[in-house]
Enquirer: 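Sharing a structure with you now.
Hydrogens, waters and symmetry mates play no part in the numbers below; they use all other heavy atoms, side chains included.
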Amino acid sequence: MEYSFKNIEEKWQKYWQEKKVFRAEAAGGKPKYYLLEMFPYPSGKIHMGHVRNYTIGDVAARFKRMQGFNVLHPMGFDAFGQPAENAAIKNKTKPDIWTHRCIQEMEAELKRMGFSYDWGREVSTCDSNYYKWNQWIFLKMFERGLAYKKASEVNWCPNCETTLANEEVIDGECWRCHTRVEQKDLKQWFLKISAYRQRLLEDLNQLKDWPERVLAMQANWIGKSEGVEIYFKARDNQEVISVFTTRPDTIFGATYIVLSPGHPLVKNIIKGRPQEKEVLRFINKVSEENHSATKSPEVDKEGVFTGAYAINPVNREEIPIWVADYVLMEYGTGAIMAVPVHDQRDFLFAKEHNLPMRVVIQPQGLDHKLSAGEIKEAYQGEGIQINSPGFDGLPNQEAKIKIARWMQEKGMGKIEAHWRLRDWLISRQRYWGSPIPIIYCEGCGIVPVPYEDLPVLLPEDAPFTGEGGSPLGKVKDFVEVTCPKCKSPACRETDTMATFFDSSWYFLRFTSPHYQAGVFNAQEAEYWMPVDQYIGGIEHAILHLLYSRFFTKFFQDLGLVDFNEPFKRLLTQGMVLKEGEVMSKSRGNVVDPDAIINKYGADTLRLFMLFAAPPETELEWDERGIEGAYKFLNRVWRIQDNLKSKASPQLVRFTHKIIKKVSEDIEGFKFNTAIASLMELVNAIYQTGADKEVFMDLILLLCPIAPHFCEELWQACGNKESVLKAQWPRYNPDLIIDETVTLVIQINGKVRSRIEVPADTEEARLKEIVLSDDKLKPWLKDSPIKNFIIVPKRLVNIVV
RNA sequence: GCCGAAGUGGUGGAAUGGCAUACACGUCGGUCUCAAAAACCGAUGGGCGCAAGCCCGUAAGGGUUCAACUCCCUUCUUCGGCACCA
């Protein structure tokens, strides 16, 4: 008889909800455990990626509860954002109506999966009780100079008609719709994340339980490089060209200077020179190429001579100034000193244009003096300084420091670090987001909205068509205000915040979601934070995690929290694929979780998701695998009809081994092998027959994975209380010790025999037993034994 | 180009110095059945052999070790991230 998952799942979901069994409270003697999965954008339907993410988290949450932890496992919705506006335009409705309907649908689907959330703590970022605190945080940042307005060229997506953060531009395209991004001049709000770059980089060291690759990506993104900014004076006028280098040890080998085509000094330098026209032509050409064609990184390094010279401050040498497209305006100072012998790009360029080269670092171990004429590619390795008056003979690593200090003392340069991380642009010309709480007054300038006037509510009936400008600008009642300072007529900021702002602190709000007196309750946050385990997709490895770390450090500076990192342990789960491709609407290969729940039940879907692959790797969707999972649950179900009064001692011992293995595997997120072990136990039960005790252990071990199913069987075993009240089973250490062991006997590393011996056999006795094994005779007959290696309780290797 | 992860049966995967392929899917065979499905039991890396058994085998090649999927070196491939970063 097959088990009727539909009735069982509905029955227990109702029970859990009515008894509020997953409600978390910051009280009691148990140790706390905060388990969080990245909250979803409410698009209306959950997809398999959500199912996988939340199943992994739910198993961990249920496991920790059974182990006696006080678990916080909340869920909410990242509800602001563009798709709601687009959907509202398309369906002729309002974003908030559309969003709330989607939230309702998704909530129902999440409940059908049986996830153990404390729904009493649900938050939606589009709720004014939530975004009020976005505005509060913004004002606090504004007070401290961390939110500022800057006119700048911004990335503009002509399709979405909005600005994009640098991080949202991928290969020159909009990250969402892949339209080619244009440049546009606008006054925008920025957050000064750069003020935290040193801490954001250093504190990565504390994150011992984060995946290596996420740490590498974050460090890469922050992109610190240490070096010296060197000042080169122009020979013929007063201009000073600053260049940045990480290799001050090569300064004596600098034989020319290169400016980026966009460098502001170029025009002054070429003014009135014979080369002026040619240089301008070159700059125009490069600018056209940048705006149209996709640039290949392997193109020849093009450039022109400006006719001007600069003076190398360390040796007063006159060196030519060039303009070339391989120097980027966006990095460093937009100008470089070129050292052809010791930098590959400079080498290629110098060869192409017949520019002078000078060796300044002699490779160690080379039998002759390295000369510029002999090299085929730049020498970028270590060595001894030469042709560097005052520093010759020093190892270059030592010279690097000494030259840098010397140049700083002499005023030739300044020791500095350069960073890749740029400030975070948060203004959006959109309706469906948190209004930025700022008022513009003709007399007073930029005036923050007073705290007591928060929240600045989103007007309900903004007319938006998805075309042009900010929809809030068209709502007269919203825009027209009186200045809080001078009471004269003023107008509001009409931009809203990027939604990454909302998700940068929601984990703190979950600790006190209904708190009215502040952004969050400090006592609650102190009890629950940091998040012990965070789980989500690798696609958030950089932005979301970096911003959340930034906000946490900011709260620390405000004195609201006493820790500096929000997420102790991080798991990035792999994607769900079908036929080797990501499931997506555009590919048309989406499998709807609802259909699977209807056909096989939520417990089967959970089981399959965990068994098919380890959490971090990609998961290939396989309908036959689903059937296998379903078959396994039915196999467990049938055990209850054939219970014996007493299981064999062997089975009891085996059960205790499995308890140990499954406990360790779940702790380490190795769900696939935990399930494999449970299958082994079930196979053993089918061989010899289980009693009630063994069966109940099996149910408890399976409970985090297939919770409805296990509740039902637990009740069928005569238990009055929910299985959630039961303790996680403990193994008896005496029962997992084997009395006898099977030893593998190898001759020269090849298996030739196996013997069964008592576990405590002494080495001398063991040797005797092994040598009397008839199977080994042919191998030992003619050759003397050279070595006899014993690995206790595992194997013996005889070398002949 | 640089950084990171990975490459194991027909398939998903297991084993992190000690029996390669646990567990599952698929396939084949058996039991039950009038029959089929379901369920249960068994076989299943390749080659040679009636068999006992032997040989080969974890992307390719080399090395360390009594012993290597596992450690080291070289190469190839795939995926992810960054990229003319000075």
Enquirer: Once you apply a heavy-atom cut-off of 4.0 Å, does Val791(A) come out as touching a base, just sugar-phosphate, or nothing?
Expert: base
Enquirer: With the side chain of Tyr331(A) defined as its heavy atoms from C-beta on, choose the nearest nucleotide among C23(B), A86(B), C84(B).
Expert: A86(B)
Enquirer: Show your working on ring-ring contact (aromatic ring centres under 6.0 Å, His included) between Phe608(A) and Trp621(A) and close with a plain yes or no.
Expert: CA-CA 9 Å; Phe608(A) 168 75; Trp621(A) 177 259; 5.3 Å; yes
Enquirer: C55(B), C66(B), A86(B): which one has an atom nearest the side-chain heavy atoms of Ile336(A)?
Expert: A86(B)
Enquirer: Syn if the chi torsion is within 90° of 0, anti otherwise; quick check, which is G61(B)?
Expert: anti
Enquirer: For the side chain of Lys750(A), counting heavy atoms from C-beta on, which of C55(B), C66(B), G12(B) is nearest?
Expert: C55(B)
Enquirer: Side-chain N or O of Arg752(A) less than 4.0 angstrom from OP1 or OP2 on G53(B)?
Expert: no
Enquirer: Using heavy atoms to find the nearest nucleotide of RNA chain B for Arg754(A) and Gly625(A) separately, return the residue whose nucleotide is more 5′.
Expert: Arg754(A)
Enquirer: Looking only at side-chain atoms of Glu680(A), point me to the closest of C19(B), A86(B), A22(B).
Expert: A22(B)
Enquirer: Under 3.5 Å, is there a donor-acceptor pair between the Asp697(A) and Thr655(A) side chains?
Expert: no
Enquirer: Any idea which of A24(B), G13(B), G18(B) is nearest the Ala613(A) side chain?
Expert: G13(B)
Enquirer: Going by atom types only, do Tyr379(A) and Gln344(A) share a side-chain donor-acceptor pair under 3.5 Å?
Expert: no
Enquirer: Provide the distance between the two C1' atoms, one in C34(B) and one in C25(B), to the nearest whole Å.
Expert: 32 Å
Enquirer: Compute whether any side-chain donor of one residue and acceptor of the other, for Arg635(A) and Asn683(A), lie under 3.5 angstrom apart.
Expert: yes
Enquirer: For C19(B) versus G13(B), give the span between their P atoms, rounded off to a whole number of Å.
Expert: 23 Å
Enquirer: Using whole Å, report how far CG of Leu619(A) lies from P of C25(B).
Expert: 16 Å
Enquirer: Can you tell me how far P of G81(B) sits from NE2 of His540(A), to the nearest Å?
Expert: 13 Å
Enquirer: The side chain of Trp221(A) lies closest to which of these nucleotides: C25(B), C82(B), C66(B)?
Expert: C82(B)
Enquirer: Taking atom P in both U11(B) and A59(B), compute the distance separating them and give it to the nearest angstrom.
Expert: 14 Å
Enquirer: Both distances below 3.5 Å, Watson-Crick or wobble geometry, any strand: find the nucleotide opposite G10(B).
Expert: C25(B)
Enquirer: If we only count heavy atoms from C-beta on, is the Phe671(A) to Pro615(A) side-chain gap below 4.5 Å?
Expert: yes
Enquirer: Would Glu382(A) and Gln397(A) count as a side chain to side chain donor-acceptor pair (under 3.5 Å) if you check the C-alpha gap in whole Å, the side-chain angles of each, and the deciding distance to 0.1 Å?
Expert: CA-CA 7 Å; Glu382(A) 313 283 283; Gln397(A) 285 301 344; 3.0 Å; yes
Enquirer: On the side chain of Asn797(A), is there an atom forming a donor-acceptor pair with the base of C66(B) - under 3.5 Å, no angle test?
Expert: yes
Enquirer: Does any nucleotide pair with G17(B) by Watson-Crick or G-U wobble geometry, both distances under 3.5 Å, and what is it?
Expert: none
Enquirer: Does a side-chain heavy-atom distance below 4.5 Å link Thr604(A) with Phe709(A)?
Expert: no
Enquirer: Taking atom C1' in both C28(B) and G10(B), compute the distance separating them and give it to the nearest angstrom.
Expert: 13 Å
Enquirer: Report which part of the nucleic acid Val339(A) touches: base, sugar-phosphate, or nothing (heavy-atom distance under 4.0 Å, all strands).
Expert: nothing
Enquirer: With respect to the side chain of Ala676(A), which nucleotide from A14(B), C23(B), C40(B) is positioned closest?
Expert: C23(B)
Enquirer: Atom CD of Glu618(A) and atom C1' of G13(B): how far apart are they, to the nearest Å?
Expert: 14 Å
Enquirer: State which of A83(B), A24(B), G18(B) makes the closest approach to the side chain of Arg420(A).
Expert: A83(B)
Enquirer: Taking atom P in both C56(B) and G4(B), compute the distance separating them and give it to the nearest angstrom.
Expert: 36 Å
Enquirer: May I have the distance from Glu627(A) (atom CD) to G12(B) (atom C1'), rounded to whole angstrom?
Expert: 15 Å
Enquirer: Give the rounded distance in Å between these two atoms: NZ of Lys631(A) and P of C25(B).
Expert: 4 Å
Enquirer: I want to confirm an ordering. Mapping Thr245(A) and Asn683(A) to their closest nucleotides on RNA chain B, which one lands closer to the 5' end?
Expert: Asn683(A)
Enquirer: Partner lookup for G53(B), please. Criteria are Watson-Crick or G-U wobble with both distances under 3.5 angstrom; report none if nothing qualifies.
Expert: C48(B)
Enquirer: Check this one for me: any side-chain N or O of Arg345(A) less than 4.0 Å away from OP1 or OP2 of C85(B)?
Expert: yes
Enquirer: Give the nucleotide from the list A20(B), C82(B), G13(B) with an atom nearest to the side chain of Asn220(A).
Expert: C82(B)
Enquirer: Which part of the nucleic acid, if any, lies within reach of Pro211(A) when heavy atoms closer than 4.0 Å are counted: base, sugar-phosphate only, or nothing?
Expert: nothing
Enquirer: Considering Watson-Crick and G-U wobble pairs with both distances under 3.5 Å, what does U65(B) pair with?
Expert: none
Enquirer: Quick one: Ile675(A) CD1 to C25(B) C1', roughly how many Å, whole number?
Expert: 15 Å
Enquirer: Using atom P in both nucleotides, what's the gap between A5(B) and C72(B) to the nearest angstrom?
Expert: 11 Å
Enquirer: For G4(B), which nucleotide in any strand shown is its Watson-Crick or wobble partner with both distances under 3.5 Å?
Expert: C79(B)
Enquirer: Would you say that more than 12 heavy atoms from the other residues, nucleotides or ligands in this model lie under 6.0 Å from the CD of Gln380(A), or not?
Expert: yes
Enquirer: Between U77(B) and U58(B), how far is it from one C1' atom to the other, in whole Å?
Expert: 16 Å
Enquirer: Taking only the side-chain nitrogens and oxygens of Asn672(A), find out if one of them lies under 4.0 Å from OP1 or OP2 of A14(B).
Expert: yes
Enquirer: For U33(B), which nucleotide is its Watson-Crick or G-U wobble mate, given both distances must be under 3.5 Å?
Expert: none
Enquirer: Please report the distance separating the C1' of A15(B) from the corresponding atom of A67(B), rounded so that it comes out in whole Å.
Expert: 16 Å
Enquirer: In whole angstroms, how far is the P atom of G12(B) from the CE atom of Met679(A)?
Expert: 17 Å
Enquirer: Does C40(B) have its OP1 or OP2 closer than 4.0 Å to a side-chain nitrogen or oxygen of Arg635(A)?
Expert: yes
Enquirer: From the list C41(B), C23(B), G13(B), which nucleotide is the closest neighbour of the side chain of Tyr686(A)?
Expert: C41(B)
Enquirer: Rounding to an integer number of Å, can you tell me how far Glu212(A) CD sits from G81(B) C1'?
Expert: 14 Å
Enquirer: Is there a side-chain contact between Phe244(A) and Ser225(A), using heavy atoms and a 4.5 Å cut-off?
Expert: yes
